[in-house]
A.B. asks: 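Below is the structure I would like to discuss, written out as structure tokens.
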Amino acid sequence: MGRPKSTIVLTNSSIEEAFANGRVTLAMLATAAGVSVPTMRKHLHETFGDRITFTRGRTGGMTLSSRKFLHTVTESREAHEQTVLAQQSAVATTQESDMVLDPIAG
């Protein structure tokens with residue numbers, strides 16, 4: 001039987017606020033949450049996904065992107081293709097409705 005999973009009581013808004021106020025380290029957040037640094041790193045990655053980046057070294061740290069939704073090139077291309085298809089079907093529908101002859105106008 002494994003160890004029980006640690007619960008982290010820091011809210012996402014408090015973490016985002018910490019990023020906005022200045023330099024934030026994993027050790028600071030881990031200490032505040034009462035968990036180990038690797039556990040905190042895993043939690044941040046699971047919570048923020050692609051929005052958070054970790055860099056190592058003397059000038060390293062963490063950065064949090066302000067955009068909430070980051071898309072890959074493939075997802076953007078698929079979304080664009082769906083938009084184009086929707087526009088084409090709207091134009092085709094409009095052209096079909098224009099073809100209907102008005103019996104009064106002759």
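Atom set for the values below is all heavy atoms of this structure, side chains included, hydrogens, waters and symmetry mates excluded. Residues: numbered from 1 along the sequence shown.
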A.B. asks: For Glu16, is there an ion pair with Arg51 - N to carboxylate O distance below 4.0 angstrom?
C.D. replies: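 Looking at Glu16 together with Arg51, the answer is yes, because their closest N to O distance falls below 4.0 Å.
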A.B. asks: In this structure, which one of Thr53, Thr55, Thr25, Leu44 forms a side-chain contact (heavy atoms from CB on, under 4.5 Å) with Met62?
C.D. replies: Leu44
A.B. asks: Show the nearest heavy-atom pair for residues Ala33 and Met40, with the distance to one decimal.
C.D. replies: CB-SD, 4.2 Å
A.B. asks: Mind checking the NE2-CD1 spacing from His43 to Ile15? Nearest 0.5 Å is all I need.
C.D. replies: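 So the gap between those two atoms works out to 5.0 Å.
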A.B. asks: Does any part of the side chain of Phe54, heavy atoms only, come nearer than 4.5 Å to the side chain of Thr63, both counted from C-beta?
C.D. replies: no
A.B. asks: Find the distance between CZ (Arg41) and OG1 (Thr39) and round it off to the nearest 0.5 Å.
C.D. replies: 12.0 Å
A.B. asks: Check for me, please, whether Val35 and Met28 land in the same ILVMFWY cluster - side-chain distances under 4.5 Å, paths through other members count.
C.D. replies: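 No.
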